[in-house]
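Note that ligands are numbered from 1 as they come in the structure, with each ligand's atoms numbered from 1 the same way. No experiment lies behind these values; they were computed from the predicted model shown.
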Amino acid sequence: MRNIKPITDPSRPKVYIETYGCQMNVNDSEVILSILQDAGYALTETIDDADVILANTCSIRDNAEQRVWGRIDQFKLQKRKRKNVVIGIVGCMAERLKDRLLETVDIVAGPDSYRSLPALLEAVTPESPQMNVLLSHEETYADISPVRLDRNGISAFISIMRGCNNVCSYCIVPYTRGRERSRDAHTIVREAQELWDNGYKEVTLLGQNVDSYSWEDVNFARLLEMVAQVNPGLRVRFSTSHPKDISDEVIYTMAKHENICRHIHLPVQSGSSVMLEKMRRKYDREWYLERVDKIRSVMPDCGITTDVIAGFCGETEQDHQDTLTLMEKVVFDSAFMFAYSERPGTLASKVYPDDIPYEVKTARLNEIIALQGRMSLKSNEKEIGKVMKVLVEGPSKKNPEELCGRAGSNKMCVFPSKGEKPGDYCEVEVVSVTSATLLCRRID
Ligand code: SAH
Ligand code: SF4
Ligand code: F3S
């Protein structure tokens, strides 16, 4: 069995890594650590004794980048105390800003260049900072066993593809992550098996657009099935589905396998077909609503969550109302909601003025957030009286006598403990709810 645990051997040089952005970046940090451990480094969780400080960064919105600039200033304080400390910025911001970052840090490495990190670390000196921001058409890190930077040893991410071939007009990801490529299906199944053998109970298959996964004759539906067949006790999740690509075959495959969790993250972005066209999402409001109907007709209990952008270029009050009415119609279980942030170099930044005033964007976002709060509660109220199988994550934060864990729909459940450990399954019945949690009783 390959070692998927962090090495903390004190005789080795120590790496500290901070991760920003999406789940993909969390998994990339695990890949980075695996590469560095193979090259003789060990992990440290404290910045004060690190020889190498890495930040794996995100460029999706301006505020994500601003946070990292603030952190770089703090990293530099470490350098004043210990001048041999190496500071590296990796990930999407490294790819986007390149030389501008190299002026202030020692190493800059983009998402497809992590195999070169040991060489960059070897070559770096205070006089010669090192950079590799080449994007690749092939790199999937398929052969690398990520070191699991824990999330309690029961749930792990598996990247099944990298990059993105869509060009949603607002989005920086295609520029920071490059062309889409799918990973060898056998290595994905092998990784799921390896996690199961190490006691993991849940895997989440990751890609910017999982429905366009394609490797030899394996499409996403087939891949889901292959991973589900690793073991009926292994829960399978995935993210993100693109509304234009999620197929009936995927929906039926989910319905067929009990261990594929009934949850789809289906980012709508806007409820206005005019906005969706300008966003280059390649579906309209009607198409989206039809996909939701299809999912619910096959799996009435399927959780559906979404992402929404408020205040995209030229958004009228009517467009905004269309988003609200769509949210009311669908009743999402939960949503990630953002104010539009113009990203330099994207299509939108070139052709559409970012013309919605800050106050209007914020007011619309707040309205969206408030509505989603009510919808989350409504969605949870529908669960009262239902029985669910929950994977225990650990003690509940509020009351250590109780456990918390997620239902298949991804909803958080809290219920009395009978001494179960993280990774055990419990059967519960929902008794009452808040907008964030299902409060349950035991029926096992
Ligand atoms: N691949 C996924 C999205 C990845 S980015 C998909 O296509 O659904 C995660 C979310 O960030 C997006 O769904 C979108 O809601 C938000 N986002 C992306 N670019 C943004 C921008 N420029 N401003 C605000 N939010 C943005
Ligand atoms: Fe960005 Fe669109 Fe690709 Fe998602 S599908 S990562 S929003 S370009
Ligand atoms: Fe993820 Fe942010 Fe990059 S959302 S893909 S880390 S820009």
(message) One thing to verify: whether R115 and E139 come together as a salt bridge, which I'm taking to mean a side-chain N less than 4.0 angstrom from a carboxylate O.
(response) yes
(request) Do me a favour and list the nearest non-hydrogen protein atom to atom 1 (Fe) of ligand 3 with residue, atom name and distance? (result) C22 SG, 2.3 Å
(message) For R343, is there an ion pair with E65 - N to carboxylate O distance below 4.0 angstrom?
(response) yes
(message) Looking at every non-hydrogen atom in both residues, tell me the closest pair between S376 and S334 and how far apart they are.
(response) OG-CA, 4.1 Å
(message) I'd like to check which ligand 3 atoms, numbered from 1 as shown, lie under 4.0 Å from a non-hydrogen atom of Q208.
(response) 5 (S)
(request) Look at D62 together with R67 and state whether they make a salt bridge at an N to O cut-off of under 4.0 Å. (result) no
(request) Check whether the side chains of Y20 and E18 place a donor and an acceptor atom closer than 3.5 Å, and report yes or no. (result) yes
(message) Between ligand 3 and R177, can you find any atom pair, the residue atom being a heavy atom, that is separated by under 4.0 Å?
(response) yes
(message) Taking the six-membered ring for Trp, are Y283 and H242 closer than 6.0 Å centroid to centroid?
(response) yes
(message) With the threshold set at under 4.0 angstrom, would you say R177 reaches ligand 2 through any of its heavy atoms?
(response) no
(message) I'd like to know if E191 pairs up with R148 as an ion pair, taking the criterion as any Lys NZ or Arg NE/NH1/NH2 lying under 4.0 Å from an Asp or Glu carboxylate oxygen.
(response) yes
(message) At a cut-off of 2.8 Å, what protein N/O/S atoms sit near atom 3 (Fe) of ligand 2?
(response) C164 SG
(message) One thing to verify: whether R162 and E180 come together as a salt bridge, which I'm taking to mean a side-chain N less than 4.0 angstrom from a carboxylate O.
(response) no
(message) Could you check whether K282 and N166, counting side-chain N and O atoms only, form a donor-acceptor pair closer than 3.5 Å?
(response) no
(request) Report yes or no: do T325 and R285 form a side-chain donor-acceptor pair below 3.5 Å? (result) yes
(message) Quick check against the 3.5 Å criterion: does N25 have a side-chain atom that pairs as donor or acceptor with the backbone of T57?
(response) yes
(message) Among all protein heavy atoms in this structure, tell me which lies nearest to atom 7 (S) of ligand 2, with the distance rounded to 0.1 Å.
(response) Y170 OH, 3.4 Å
(request) With atom 2 (Fe) of ligand 3 as the reference point, say which of C92, C164, C58 has the nearest heavy atom. (result) C58
(message) Check this for me: does any side-chain nitrogen of one of R406 and E202 sit under 4.0 Å from a carboxylate oxygen of the other?
(response) no
(message) Checking a contact table here: which protein heavy atom is nearest atom 6 (S) of ligand 3, and how many Å away?
(response) N25 ND2, 3.4 Å
(request) Report, in ascending order of atom number, the atoms of ligand 2 lying under 4.0 Å from any heavy atom of R281. (result) 2 (Fe), 7 (S)
(request) Answer yes when K378 and E381 have at least one side-chain N-carboxylate O distance shorter than 4.0 Å, and no when they do not. (result) no
(request) Quick one, list the residues around ligand 1 where some non-hydrogen atom comes in under 4.0 Å, by chain and residue number. (result) I60, R61, Y170, Q208, T240, P267, Q269, R281, D307, I309, F338, A339, Y340, S341, R343
(request) Name the closest protein heavy atom to atom 7 (S) of ligand 3, giving the residue it belongs to and the distance to 0.1 Å. (result) S59 N, 3.3 Å
(message) I'd like to know if R177 and D112 make a salt bridge, using a cut-off of under 4.0 Å between side-chain N and carboxylate O.
(response) no
